[in-house]
Amino acid sequence: MSMRNVNSTERVGQRVSSLFGVTLREAPGESEIESHSLLLRAGYVRQLATGIFSYLPLAWRSLRKIEQILREELDRIGGQELSLPVVHPAELWQQTRRWYDIDDTMARFVDRRDRDMLLAMTHEEAVAYHSATEIHSYRQLPALVYQVQTKFRDELRARGGLIRVREFLMKDSYSLDRDSAGLERQYQAHYEAYERIGARVGLPLTAVQSDVGMMGGKIAHEFMYVTPIGEDSLALCDSCGYAANRDVADFALNPERTEPEPMERVHTPGASTIAALSDLYEITAADTAKIVFYVGTFVNEQGEQYEKVVAAIVRGDLEVNVIQVQNLTGALELRPAQEEEIAMTGMVPGFASPVGIDQEAAIFVVDRWVADSPNLIMGANKVDYHLKNVCYGRDYDAAFVGPLAAVFEGASCAECGKGLRMVRGVEVGNIFQLGTRYSEALGAHFTDENGSERPIWMGSYGIGLGRLLACVAEEYCDDDGLELPMSVAPYHVTLIALAREENTHEVAERMFATLTEAGIEVLYDDRQDVSPGVKFKDADLRGLPLRVVIGDRSLANGGAELQRRAGGDSRLVPLDDLVHEIQTELDTLLKPLCI
RNA sequence: CGGGGCGUGGCUCAGUCCGGUAGAGCGCUGCGUUCGGGACGCAGAGGUCCCCGGUUCAAAUCCGGGCGCCCCGACCA
């Protein structure tokens with residue numbers, strides 16, 4: 001499992017004097033976050049436009065190492081590597097509806113023959129399309145194909161350096177099965193492969209249940225790197241291990257079970273917010289319910305889009321989880337409603353309630369805790385009045401009842417009841433059980449033992465390579481620069497020559513050759529017009545795991561100095577032992593990254 | 001798409017309020033000195049001041065429009 005090819009004839013060495021990609025003393029004013037700034041300063045990446053980056057040789061070597069790890073782990077679970085186009089004809093995506101369902105995030109263009117084309121955001125369509133012609137029989141299943149390919153998504157806002165970009169490299173794999181049990185197995189295989197990948201690149205990953213988003217399908221997990229700079233919020237239970245993205249996180253509440261009392265209208269002058277209402281009466285926000293208004297985009301049977309107001313009702317002390325509203329109602333899109341749009345429903349903002357409102361006026365969605373809690377306080381749809389003892393089912397109805405409230409720090413775990421912890425995370429990878437949505441849309445069928453034609457069950461699994469590298473950089477760095485793990489670092493060793501004397505220079509040159517011949521990957525700082533301080537600073541910044549110094553002083557002391565980037569004192573090693581000592585260090589540093 | 005900030009040499013930035021010869025530090029080139037944690041001296045190169053238009057005798061600076069980049073939010077595999 002070692003990254004290094006001791007027996008290979010390939011020699012991997014690079015002179016700093018000719019390295020394409022200089023170090024920067026000061027970070028360009030492009031980023032706030034550490035990994036971005038360091039990758040720029042160390043000469044790994046450069047930005048070409050918002051969210052569009054070039055990988056300079058150092059980053060590219062790291063990415064290829066990551067890619068190789070991914071390849072090995074995918075091959076290990078039966079994957080076959082292929083390569084699918086980045087440019088797709090619109091027809092494919094029209095057949096799965098995603099041409100219409102996805103907004104400007106999809107980059108489109110028209111070719112010279114006036115055909116609609118797009119830049120692929122992902123490759124389910126292409127895989128399903130090819131499966132239709134390549135897979136005919138149950139005997140050809142299960143199958144697993146994967147690629148490492150460029151994706152383009154014109155995000156509304158790219159940010160965070162390599163964390164959220166518009167063009168990026170992704171490993172995407174697609175499983176093909178005859179039934180859901182087969183899909184389940186391949187899904188599980190990916191789950192385990194992702195854990196191995198995390199271990200091999202040295203990145204702690206937390207698997208969380210996640211929303212399926214534009215992919216469709218049912219079950220999905222995201223593999224998260226937990227960090228304050230993460231864009232996603234996660235709910236974790238330290239007690240039982242429950243982990244979920246905030247978008248789908250479940251939690252437990254124990255609403256008070258009182259007997260329903262008669263509803264009555266009360267005067268509440270000026271109390272247009274939950275807080276004001278709580279102050280006015282001896283109640284807590286949990287005794288109230290509020291409505292959050294959205295306007296949803298829906299599709300009718302004719303395939304026409306239309307908008308309708310969505311009224312989401314949650315307890316006054318909780319927040320609405322928009323994703324869950326979207327999932328419950330089946331809305332393509334939800335946006336906050338304007339005051340006028342709310343007024344059209346007959347409800348009064350600040351004093352709104354579903355009581356006495358025509359069910360057709362809006363789509364009412366009620367959180368299950370509201371539905372389970374009798375005697376809540378809601379608006380009376382009249383300024384300065386509220387209703388007491390409102391009960392779901394008795395006083396009003398709803399189109400949907402379900403989990404709607406967003407999880408929060410300290411909420412009770414739905415599995416074990418202990419307190420949930422909220423953290424931030426970056427989504428490095430994900431796995432989806434798609435089902436038959438794409439295969440049905442694109443006619444990817446096979447014939448089973450009984451001779452009947454059935455759709456292929458698909459799964460889709462992604463890992464962002466650049467994002468993974470950025471997370472590794474984020475995890476492994478200090479004030480002086482990067483401290484990359486051996487499995488990801490572009491070279492194993494940086495060899496620094498501090499040669500005033502001609503002999504020292506010759507020794508360093510010879511050692512550069514010797515090390516590379518021994519299969520050690522070396523970045524050799526051969527610059528003769530640069531002071532030692534600069535070389536040390538640059539070496540620290542680039543963050544290769546091992547540093548070897550050959551200088552007039554070290555030779556006088558009897559050899560070369562060997563030191564780890566991440567802590568550890570420098571030690572003198574006789575030149576004849578250097579190859580062996582480095583290989584020992586290399587194995588030591590690689591060991592915890594092997595599985 | 002809403003809010004905020006920025007755009008001047010390769011990089012970091014000053015100059016803009018109050019119009020009048022385009023600057024500093026770092027980097028780069030040459031020579032010399034230095035040489036184990038971002039050395040120093042001397043000499044030098046390098047700029048459509050984001051773009052277009054307007055005002056003015058005169059615009060980096062004022063006015064209008066556009067573009068780009070960063071951050072927050074909304075959004076999003």
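Just so it is clear: chains get the letters A, B, ... in the order the sequence lines come, proteins before strands, and each one is counted from 1.
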For [X], which contact category applies under a 4.0 Å heavy-atom criterion: base, sugar-phosphate, or nothing?
X: A:Arg166; value: nothing
X: A:Arg157; value: base
X: A:Ala220; value: nothing
X: A:Ser554; value: base
X: A:Lys535; value: nothing
X: A:Thr105; value: nothing

*What string of B, S and - do you get for nucleotides 26-32 of chain B 5' to 3' if you count protein non-hydrogen atoms under 4.0 Å?*
SS-----
*Are A:Gln528 and B:C35 close enough that a side-chain N or O sits under 4.0 Å from OP1 or OP2?*
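No, A:Gln528 has no side-chain N/O under 4.0 Å of OP1/OP2 on B:C35.
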*Are the side chain of A:Lys290 and the backbone N or O of A:Leu318 linked by a donor-acceptor pair below 3.5 Å?*
yes
*Ignoring the backbone of A:Val549, work out which of B:G36, B:C70, B:G38 is nearest its side chain.*
B:G36
_Watson-Crick or G-U wobble mate for B:C42, both contacts under 3.5 Å_ =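 WC or wobble partner is B:G30.
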*Any chance the side chains of A:Thr227 and A:Arg424 put a donor and an acceptor closer than 3.5 Å?*
no
*Is there a donor N/O on one and an acceptor N/O on the other, under 3.5 Å, for the side chain of A:Asp538 and the base of B:G38?*
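Side chain to base: pair present.
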*Carefully, step by step, assess A:Asp247 and A:Asn327 under the rule side-chain contact (heavy atoms from CB on, under 4.5 Å).*
CA-CA 10 Å; A:Asp247 295 343; A:Asn327 289 343; over 6 Å; no
*Rounding to the closest angstrom, what is the interatomic distance between B:U8 and B:C52 at atom P?*
16 Å
